[in-house]
Amino acid sequence: GAGVSQSPSNKVTEKGKDVELRCDPISGHTALYWYRQRLGQGLEFLIYFQGNSAPDKSGLPSDRFSAERTGESVSTLTIQRTQQEDSAVYLCASRFTGIQGYTFGSGTRLTVV
Amino acid sequence: TQLLEQSPQFLSIQEGENLTVYCNSSSVFSSLQWYRQEPGEGPVLLVTVVTGGEVKKLKRLTFQFGDARKDSSLHITAAQPGDTGLYLCAGGKYGGSQGNLIFGKGTKLSVKP
């Protein structure tokens, strides 16, 4: 597609359940990022994939969070045993290379009740 | 830790007024990007500046990268309600983690008709 696609756009889940968020980057973009944005806040880095290199997981807040990416295509962010503090918008972005800007998806709004 | 401080955090003005928002750091960045985010959407890239002292204009928006590449400003002339949104700056690091971009927390701009 022409842009970065994220699904679902909204997710309401019960505390303790696992959730899986999906990101389809722009075709050919080698770099893929996940960010978390709490209400009224800036972007909090979670994880970064670059080609076939080992991902940079330094931003993942706990071991309940994990992400995978197959080659240079789809990525999934999994949150296990969700907590209320996980409620936020999860944004995915992709980038081709160099200093080009990121192209963001519209995000998944996660609400843990 | 490299941080980008944005100011002001909130700004509410009338249509037709001019404004400037700032992005400051004690660290040197390889590039500086500005994004605008509207409610329910992901951030959208406005501009990338890479050379110290560089000035770029995008219609009524003027972006400047500081001579020392530690700060940047965004000036909007004759603001319009369509300029309303969250303005984020992001600094590119030389190598390192977090996908090479550090985001500020943003300036939330509201332009009233």
Side-chain angles (χ1 to χ4, degrees), chain A residues 2-10 21 23-26 29-51 53-60 67 69 75 88-109, chain B residues 1-11 21 23 25 29-51 54 56 58 63 65 69 72 85-110:
Chain A
V4 176
S5 178
Q6 291 189 245
S7 60
S9 55
N10 283 283
L21 313 180
C23 173
D24 270 293
I26 292 174
H29 280 196
T30 57
L32 185 147
Y33 309 81
W34 284 97
Y35 286 86
R36 179 169 68 180
Q37 187 174 33
R38 290 199 167 103
L39 186 64
Q41 300 295 313
L43 274 62
E44 177 187 2
F45 168 77
L46 296 177
I47 189 168
Y48 160 47
F49 296 90
Q50 174 63 57
S53 302
D56 175 357
K57 305 179 181 181
S58 61
L60 294 179
R69 186 184 187 195
S75 175
V89 175
Y90 289 83
L91 289 162
C92 174
S94 70
R95 176 172 67 93
F96 178 55
T97 190
I99 62 169
Q100 287 91 336
Y102 294 3
T103 302
F104 282 87
S106 296
T108 294
R109 180 174 298 279
Chain B
T1 302
Q2 293 175 292
L3 292 175
L4 275 169
E5 301 287 341
Q6 289 192 242
S7 62
Q9 189 176 357
F10 299 97
L11 187 57
V21 299
C23 175
S25 176
F29 292 97
S30 59
S31 63
L32 201 296
Q33 299 178 352
W34 285 91
Y35 292 80
R36 180 170 67 212
Q37 184 180 23
E38 298 185 25
E41 299 295 326
V44 175
L45 178 68
L46 296 174
V47 77
T48 300
V49 285
V50 297
T51 304
E54 183 176 2
K56 280 192 175 179
L58 185 65
F63 305 85
F65 200 11
R69 303 165 75 154
S72 181
L86 178 69
Y87 288 81
L88 294 159
C89 66
K93 300 190 298 178
Y94 292 98
S97 64
Q98 298 199 14
N100 308 110
L101 274 191
I102 297 292
F103 280 85
K105 294 188 182 299
T107 292
K108 191 168 185 178
L109 172 65
S110 174

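Numbers restart at 1 for each chain; the letters A, B, ... are given by sequence-line order, proteins then strands.
Looking only at heavy-atom pairs under 4.5 Å with chain A, the residue among Gly42(B), Gly40(B), Ala90(B) that has the most is Gly42(B). Taking chain A as the reference chain and counting heavy-atom pairs below 4.5 Å, the highest number among Glu41(B), Gln6(B), Lys108(B), Gln9(B) is found for Glu41(B).
One distance of note links CD of Gln37(A) with CG of Leu88(B); it measures 7.0 Å at 0.5 Å rounding.
Heavy atoms of other residues, nucleotides or ligands lying less than 6.0 angstrom from NZ of Lys56(B) number more than 12.
Within the 4.5 angstrom heavy-atom criterion, no atom of Glu44(A) approaches chain B. With a threshold of 4.5 angstrom between heavy atoms, Gln37(B) approaches chain A through side-chain atoms but not through N, CA, C or O.
A side-chain donor-acceptor contact under 3.5 Å links Tyr35(B) to the backbone of Tyr102(A).
Here the shortest heavy-atom pairing between Leu45(B) and Gly101(A) reads CD2-CA, 3.6 Å.
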